[in-house]
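Data block below; observations after.
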Amino acid sequence: MSIADWIVLALTLLAIVVYGVWKSGSSNNIDQYMGNRSLPWYHVGLSVMATQASAITFLSAPGQAYSDGMRFVQFYFGLPLAMIVLCVTFVPIFHKLKVYTAYEFLEQRFDLKTRALTSILFLIQRGLSTAITIYAPAIILSGILHINTTYTTLFIGGLVLFYTVYGGAKAVSYTQLLQMSIIFTGMFLAGVFVVMLLPDNVGFGKAVKLAGNLGRMNVIDWKFDPNNRYNIWSGIIGGFFLQLSYFGTDQSQVGRYLTGSTVGQSRLGLIMNGLIKIPMQFLILLIGVLVFSFYQFNRPPVFFNNYEVEQVKKSPYAPQFNTIEKQYADAFAQKKGKTENLIKAFDSKNDQLIAVAKASLKAAESNADTIRKSAIGIIKKSSGNNSVNDTNYVFLTFVTHYLPKGLIGLLIAIIFLASMGSTASGLNALGSTTVIDIYKRILKPGQSDQSYVTASRLATVFWGLVCIGMALYAGKIGNLLEAVNQLGSYIYGTILGVFIVAFYLKNIKGTPVFIAAVITEAIICIMGYYETVAYLWLNAIGCIGVIIIAWIINKLIDQKPAAAQ
């Protein structure tokens, strides 16, 4: 990056931290630290969106679209319905009970062991997910500075820990408002520049049409297939259960909309999220599709992770890899010619010419992909890592190589900001859940507010260090965007099932729910390990499993006294 990019990056990050600390002030009691329920609906809405839209979204989503097309957008189709259910059921109950965490309600409804179980499940899931959000920007710094991700992970983790520990939930919410404003602006500019960098005879319309002919505009898949990760059914049904559990039972999100000044303000914030999230995600994926079209005219690297390429070129496999790189360059030159022929065919509006040009281009693309797979095979042999994946580096490579000076620094800052927002929310939720549901309730009840604020800060530091430690292993999990949702799907369904029973099945007691949750979680982990169904369905199966098993156990327990008589 240029000096101008570094200045933009440094000033943007510094401004966010200073702004968050200044606006939040010092939090001297537990109510202020956990959120203070004082924020308007637009703060709530942007904070909720920023918590979900981590660096993973802006780093991995364009790469996901580049390699797999637009179909990931179906993942969010259940979101608006989930927001409606939340507004009707969850929000008024949480506000009425004046709880700090979602799991306090479960003790009032069931018992302490059910509250402790769901809290622990949340801590496991959110700890792993937060580690991934720390790792995402560490990739960027590592790629730019060519240093080990250990140092960049420590830097990012330390920066986020500072203002999260100092200001609590309020600092997180205030910084996220500014972050989302900068993010929207920067991503819009990125999309504009992708189109501007296309050849003169290829505008936005032709770029989208080209991507569509190569299978990247696969927005909706109507075919029902439980093994297909992304189709309209898995999105609406599985996605509904995942989003309902994430926004309704995950403290990193519940803590965001509990900062709303009233029930109405929290509801408006969630409705705002439901209306904006799908178009926002569509546009982010569309940027990835446009980058794909751009790379049909400009040769992409054979592998986007530059660090891995540098390593293999220092290894004994270097001559073999260099030969494959040359073959890939020749294959791309042929493919570029076929791409230009297809663009000319579009201009002719002759369906037969278009079909012939399309078939020819697909054959050339297949040849290039085969060569690329050979290169990836060599990288895997050299690194000893069979999980090598470069989708997280596609957008980063485009940004650093083709965008103008200054804008590169801004877009890198955006990815950092998104990471800081989601990581701060995760750490704040981990700290608050640990203190409110474990420390205050079980270990040290009846202490002063100041002692609990101190404990919350210490718990946040503890979880920050744990997440930073786990982040060092995140490079082995492939596409970060998919990984974070897969991890959530292992646990969210079970937690949601517990809450659904709590809200709607009033006759079921705590012990049946506790047993049902343990059994269901074991089943979900086994199904996930053996990949019996696409991961989104695990959310629905987990939720329904808890409900059915809890109902059966409750019936059996109720029948025992009658049988004894």
Side-chain angles (χ1 to χ4, degrees), residues 57-75 187-221 230 281-306 328-329 331-343 345-346 354 357-373 375-376 389-403 411 415 478-482:
T57 303
F58 301 102
L59 192 64
S60 296
Q64 177 78 11
Y66 180 94
S67 61
D68 194 43
M70 295 287 293
R71 69 189 188 119
F72 184 77
V73 75
Q74 296 169 111
F75 171 86
M187 293 305 288
F188 173 77
L189 289 174
V192 170
F193 272 97
V194 177
V195 176
M196 289 175 61
L197 290 168
L198 290 167
D200 293 337
N201 63 329
V202 182
F204 173 79
K206 285 183 182 176
V208 171
K209 192 172 182 179
L210 173 62
N213 275 269
L214 293 174
R216 295 308 189 275
M217 290 302 295
N218 49 344
V219 179
I220 296 179
D221 182 355
Y230 308 117
Q281 195 65 42
F282 180 90
L283 293 174
I284 292 171
L285 289 167
L286 185 61
I287 290 173
V289 169
L290 292 172
V291 169
F292 172 81
S293 293
F294 170 83
Y295 276 124
Q296 303 309 302
F297 302 96
N298 301 271
R299 182 165 67 86
V302 69
F303 195 71
F304 283 96
N305 185 340
N306 188 54
Y328 186 74
F332 172 79
Q334 293 181 12
K335 190 177 79 164
K336 181 180 178 182
K338 306 296 183 184
T339 302
E340 291 169 347
N341 289 340
L342 182 57
I343 295 297
F346 288 156
I354 292 173
K358 178 180 173 181
S360 181
L361 175 56
K362 282 194 169 184
E365 183 184 37
S366 178
N367 180 46
D369 286 344
T370 300
I371 297 170
R372 175 176 142 81
K373 286 175 183 176
I376 294 173
N389 187 298
D390 66 344
T391 56
N392 300 315
Y393 295 83
V394 172
F395 187 57
L396 176 62
T397 300
F398 169 77
V399 166
T400 54
H401 282 77
Y402 293 100
L403 293 190
L411 284 171
I415 298 173
N479 185 275
L480 300 180
L481 186 62
E482 287 193 306

Shortest non-hydrogen contact from [X] toward [Y]:
X    : Y    : result
A190 : F395 : CB-CZ, 4.1 Å
M217 : V289 : SD-CG1, 3.8 Å
L290 : G191 : CD1-O, 4.4 Å
A345 : A357 : CB-CB, 4.2 Å

R216 charged N/C atom sitting above F292 aromatic ring, 6.0 Å / 45°: yes

So do [Y] and [X] actually touch side chain to side chain, heavy atoms under 4.5 Å?
X    : Y    : result
T397 : N305 : no
P300 : F398 : no
V219 : V73  : yes
Q296 : L214 : yes
V291 : P62  : no
N298 : H401 : no
V202 : L210 : no
N306 : Y393 : no

With a 6.0 Å cut-off (strictly less than), is the heavy-atom count around OH of Y402, excluding the residue itself, greater than 12? yes

side-chain contact (heavy atoms from CB on, under 4.5 Å) evaluation trace for F188 with L283: CA-CA 9 Å; F188 173 77; L283 293 174; over 6 Å; no

For [Y], does its backbone N or O pair with a side-chain atom of [X] as donor and acceptor, under 3.5 Å?
X    : Y    : answer
N213 : K209 : yes
Q334 : A364 : no
T370 : S366 : yes

Can you list everything that forms a side-chain hydrogen bond (donor to acceptor under 3.5 Å, both in side chains) with K206? Sequence neighbours excluded, please. D347

When rounded to the nearest 0.5 angstrom, what is the spacing between [atom1] in [X] and [atom2] in [Y]?
X    : Y    : atom1 : atom2 : result
F282 : I287 : CZ    : CD1   : 11.5 Å
Y295 : Y66  : OH    : OH    : 7.0 Å
S60  : I284 : OG    : CD1   : 11.5 Å
M196 : L403 : CE    : CG    : 10.5 Å
I354 : I343 : CD1   : CD1   : 10.0 Å
L198 : F193 : CG    : CZ    : 13.0 Å

For the pair F294 and L197, evaluate side-chain contact (heavy atoms from CB on, under 4.5 Å) and give the outcome as yes or no after the intermediate values. CA-CA 8 Å; F294 170 83; L197 290 168; 3.7 Å; yes

ring-ring contact (aromatic ring centres under 6.0 Å, His included) partners for Y230, two or more places apart: F72

Hey, could you give me each pair passing salt bridge (charged side-chain N to carboxylate O under 4.0 Å, His left out) that has a residue in residues 62-73? Not counting sequence neighbours. D68-R71

